[in-house]
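This report refers to the structure that appears directly beneath it.
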Amino acid sequence: MRKVRVNAASKSYDVLIGRNAVEALGQEAKALCPGALKALIVSETNVAPLFMDAVKAQLEGAGFEVVSYVFEAGEQNKNINEIAGMWNKMAEAGFTRTDFVVGLGGGVTTDMAGFAASTFLRGIKVIQLPTSLLAMVDASVGGKTGIDIPMGKNQVGAFWQPALVLEDISFLKTLPAEVFTEGMGEVTKHAFIMDPALFDKLEKANGDIRSDEDLLEEIIFMNVSDKAGVVNEDETDNGRRQTLNYGHTIGHVIERDSGFTKPHGICVAKGMGIIMDASVRNGLLDAKEAERMKDLLKLYKLPVSDEITPEEAVTGAMNDKKKRGDTLSVILVDKIGSAVIKKMTKEEFLEFLSL
Ligand SMILES: NC(=O)c1ccc[n+]([C@@H]2O[C@H](COP(=O)([O-])OP(=O)(O)OC[C@H]3O[C@@H](n4cnc5c(N)ncnc54)[C@H](O)[C@@H]3O)[C@@H](O)[C@H]2O)c1
Ligand SMILES: [Zn+2]
């Protein structure tokens, strides 16, 4: 099993990556959660039928009493009602501060399991078991947890680092092809903003990183290492971590305007494509570099544009929580593997997009 150590300012922990990694859960949980008697497995209706039994068996085998909370799959359920359901489940089962939560699912699940853990009894441990590509390379690592509200995505949440992230590559076998593609939105983002070696590997793989499990594991490892490196430097998003927001300022607007029906990774790809084009027009990115990046997105079946207007993008972006005061931190890639943060006022952003 491969290991990435995350050394965030508030906490250090391991991300373990490998086939059948779930088989390490019982022992790891015992070691990491001393004094724990109970565990809550948070999962959803697509994932629970596939993996709940294996996860439960691991925890029960290690002597824990296990309860579960299964919500209806989908971003539209990433809300406070489900969190309240998790709190109540733990309260009813008599959880104390030494007990813990396990998040079993995609990014919706790991974000919510983490948030429920961060708030219950003012914070208990969470172990993340991501089951989607996106959750493995991004959502489960770094401690951002939260929920959506009608005004926007992830508007309520907490920084709450997990005790462990266990990434079982075998779980990806059942992931639908289009959901795998969505995860490639964040994978390509990592390549664009900070990892030329990952970019080359993705180009060479020619649109397929799935059929070769060794390659898949290596690419996931590279992504987790990238994300961990950023989190180690800037856990709470005041500096370099903001570069992970590449494509997200506009992506989030597209996602929200669709009533959260368009998947996150797809919207991020569109947002990145729009920013690449605008960067070229503004003389901040070489046209050939942008072409190579867009070709990579297309190679992995991701979109590179959207019909959103500059006005709609800017108005939507001004409601984003990433805004500080009156300025937006817009993330630009100035060459493959290098991102810069550019502060722009509303007017400047509009001008940048309209040129
Ligand atoms: N916390 C962070 O730093 C961070 C970073 C990026 C994204 N996110 C969040 O992550 C979410 C998106 O994550 P996602 O794309 O994983 O969404 P998701 O959790 O909705 O999963 C996508 C789909 O795949 C299904 N699925 C997941 N694993 C499966 C498996 N192994 N087999 C079969 N089906 C499976 C799910 O049921 C769902 O239908 C968004 O809410 C986004 O805001 C958070
Ligand atoms: Zn994202």
Side-chain angles (χ1 to χ4, degrees), residues 6 8 22 42-52 54-55 70-79 82 103-115 118 126 128-148 152-162 165 167-190 193 223-224 227-228 230-231 235-237 241-252 254-256 260-272 321-322 331:
V6 182
V22 68
V42 171
S43 194
E44 36 91 317
T45 45
N46 293 339
V47 170
L50 298 169
F51 310 120
M52 179 65 90
V55 172
V70 177
F71 62 94
E72 184 79 34
E75 181 78 34
Q76 70 279 10
N77 297 313
K78 192 175 161 186
N79 62 43
E82 301 299 343
L104 173 67
V108 168
T109 306
T110 55
D111 274 15
M112 283 211 285
F115 186 52
S118 78
V126 60
Q128 300 289 20
L129 261 71
T131 63
S132 72
L133 177 65
L134 185 146
M136 287 186 188
V137 299
D138 194 355
S140 68
V141 180
K144 279 195 187 176
T145 73
I147 52 169
D148 306 331
K153 266 189 62 73
N154 301 326
Q155 293 274 309
V156 176
F159 286 101
W160 193 248
Q161 300 294 342
V165 184
E167 309 205 340
D168 193 329
I169 305 292
S170 323
F171 282 179
L172 292 176
K173 284 192 187 129
T174 53
L175 196 68
E178 68 275 12
V179 182
F180 191 91
T181 298
E182 290 156 31
M184 290 306 296
E186 308 283 7
V187 170
T188 50
K189 178 192 77 179
H190 287 152
I193 64 170
N223 276 273
V224 171
K227 174 108 194 232
V230 174
V231 171
E235 180 179 7
T236 51
D237 223 353
R241 189 164 182 172
Q242 292 176 42
T243 59
L244 294 174
N245 210 31
Y246 186 52
H248 282 58
T249 305
I250 295 175
H252 276 163
I254 297 170
E255 198 176 351
R256 195 188 55 213
F260 298 125
T261 55
K262 287 186 187 154
H264 180 76
I266 299 296
C267 297
V268 169
K270 289 174 170 218
M272 292 193 291
K321 70 180 184 310
K322 297 272 156 55
I331 313 307

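Because the structure is a prediction, the values reported are computed rather than measured. Order of appearance sets the numbers: ligands from 1, and atoms from 1 within every ligand. FYI, the numbering just counts along the sequence from 1.
Of the protein's non-hydrogen atoms, Thr174 OG1, 3.5 Å is the one closest to atom 30 (C) of ligand 1. When only non-hydrogen protein atoms are considered, atom 34 (N) of ligand 1 lies nearest to Pro176 CD, 3.7 Å. Counting only heavy atoms of the protein, atom 44 (C) of ligand 1 lies nearest to Asp111 OD2, 3.2 Å. If you check which protein heavy atom lies closest to atom 28 (N) of ligand 1, you get Thr131 OG1, 2.7 Å. Ranking protein heavy atoms by distance to atom 7 (C) of ligand 1, first place goes to Leu134 CD2, 3.5 Å. Closest to atom 6 (C) of ligand 1 among all protein heavy atoms lies Asp138 OD2, 3.4 Å. Protein heavy atom closest to atom 16 (O) of ligand 1, with residue, atom name and distance, is Ser132 OG, 2.6 Å. Taking atom 24 (O) of ligand 1 as the reference point, the nearest protein heavy-atom neighbour is Val179 CG1, 3.4 Å.
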Criterion side chain to side chain contact (heavy atoms under 4.5 Å, CB included) on Phe51 and Leu129, from CA distance to verdict: CA-CA 10 Å; Phe51 310 120; Leu129 261 71; over 6 Å; no

Working for side chain to side chain contact (heavy atoms under 4.5 Å, CB included), residues Lys144 and Asn154: CA-CA 9 Å; Lys144 279 195 187 176; Asn154 301 326; over 6 Å; no

Step-by-step side chain to side chain contact (heavy atoms under 4.5 Å, CB included) determination, Thr249 to Ile331: CA-CA 8 Å; Thr249 305; Ile331 313 307; 5.7 Å; no

Working for side chain to side chain contact (heavy atoms under 4.5 Å, CB included), residues Lys189 and Leu244: CA-CA 8 Å; Lys189 178 192 77 179; Leu244 294 174; 3.9 Å; yes

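Across every non-hydrogen atom of Val224 and Met136, the tightest pair is CG2-O, 3.4 Å. Nearest heavy atom pair, residue Ala135 against residue Thr110, reads CB-OG1, 4.3 Å. The two residues Ala48 and Ser43 have their closest heavy-atom pair at N-OG, 3.6 Å. Annotation for Gln161 and Val126: closest pair O-CG1, 4.5 Å, computed over non-hydrogen atoms.
By the criterion of a heavy-atom distance under 4.0 Å, neither the backbone nor the side chain of Leu172 is placed next to ligand 1. With a heavy-atom cut-off of 4.0 Å, Thr110 does not touch ligand 1 at all. If you look at Glu255 next to ligand 1, there are no close heavy atoms at all, none under 4.0 Å. Contacts between Val141 and ligand 1 below 4.0 angstrom, taking non-hydrogen atoms only, are absent altogether. Under 4.0 angstrom from ligand 1, the non-hydrogen atoms of Val108 come from both its backbone and its side chain.
Annotation for ligand 1: atoms under 4.0 Å from non-hydrogen atoms of Leu50 are 32 (N), 33 (C). Counting atoms of ligand 1 from 1 in the listed order, those under 4.0 Å from a heavy atom of Lys227 are 3 (O). Near Phe51, with a cut-off below 4.0 Å to any heavy atom, the atoms of ligand 1 are 31 (N). Annotation for ligand 1: atoms under 4.0 Å from non-hydrogen atoms of Asn46 are 36 (C), 37 (O), 39 (O). Each of the atoms 16 (O), 19 (O) of ligand 1 lies under 4.0 Å from some heavy atom of Gly106. Atom numbering of ligand 1 starts at 1 in the shown order; those under 4.0 Å from a heavy atom of Val47 are 26 (N), 27 (C), 28 (N), 29 (C), 35 (C). The atoms of ligand 1 that sit less than 4.0 Å from any heavy atom of Asn154 are 43 (O).
The Zn ion (ligand 2) has an N, O or S atom of Glu186 closer than 2.8 Å.
Using a 4.5 Å heavy-atom cutoff, the side chains of Asn77 and Glu44 are not in contact. Counting heavy atoms from C-beta on, the side chains of Phe171 and Val47 never come closer than 4.5 Å. Residues Met184 and Leu133 are in side-chain contact: their nearest non-hydrogen atoms beyond the backbone lie under 4.5 Å apart. Looking only at side-chain heavy atoms (C-beta outward), Val70 and Thr45 come within less than 4.5 Å of each other.
Looking at Phe171 next to ligand 1, an N or O pair under 3.5 Å apart turns up. Considering both main-chain and side-chain atoms, Thr145 never comes within under 3.5 Å of ligand 1 through any nitrogen or oxygen pair. Distances between N or O atoms of His264 and those of ligand 1 include no value under 3.5 Å. Backbone and side-chain nitrogen or oxygen atoms of Lys153 are examined, and one is located within less than 3.5 angstrom of a nitrogen or oxygen of ligand 1. Checking only distances, Glu186 never comes within under 3.5 Å of ligand 1, N or O to N or O. At least one N/O-N/O distance between Lys78 and ligand 1 falls below 3.5 Å.
Residue Pro130 places every heavy atom at 4.0 Å or more from ligand 1. Using 4.0 Å as the threshold, Met136 has no heavy atom nearer than that to any atom of ligand 1.
If you run side-chain hydrogen bond (donor to acceptor under 3.5 Å, both in side chains) between His264 and each of Glu75, Glu182, Glu255, only Glu255 comes through.
The minimum distance between the Zn ion (ligand 2) and any N, O or S atom of His248 involves atom NE2.
Taking CD1 of Ile147 as the reference point, atom CE of Met112 lies at 8.5 Å (rounded to 0.5 Å). Distance check, rounded to the nearest 0.5 Å: NE2 of His248 to NZ of Lys153 gives 8.5 Å. Interatomic distance, NE2 of His190 versus CG of Asn223, reported as 5.5 Å (0.5 Å rounding). Here CD1 of Ile254 is found 11.0 Å from CD1 of Ile266. Values are rounded to the nearest 0.5 Å.
Selection from Gly107, Gly114, Ala48 by nearest heavy atom to atom 13 (O) of ligand 1 gives Gly107. With distances taken over non-hydrogen atoms, the option nearest atom 40 (C) of ligand 1 out of Glu75, His248, Glu178 is Glu75.
Using modelled atom types, no side-chain atom of Asp111 and backbone atom of Thr145 make a donor-acceptor pair closer than 3.5 Å.
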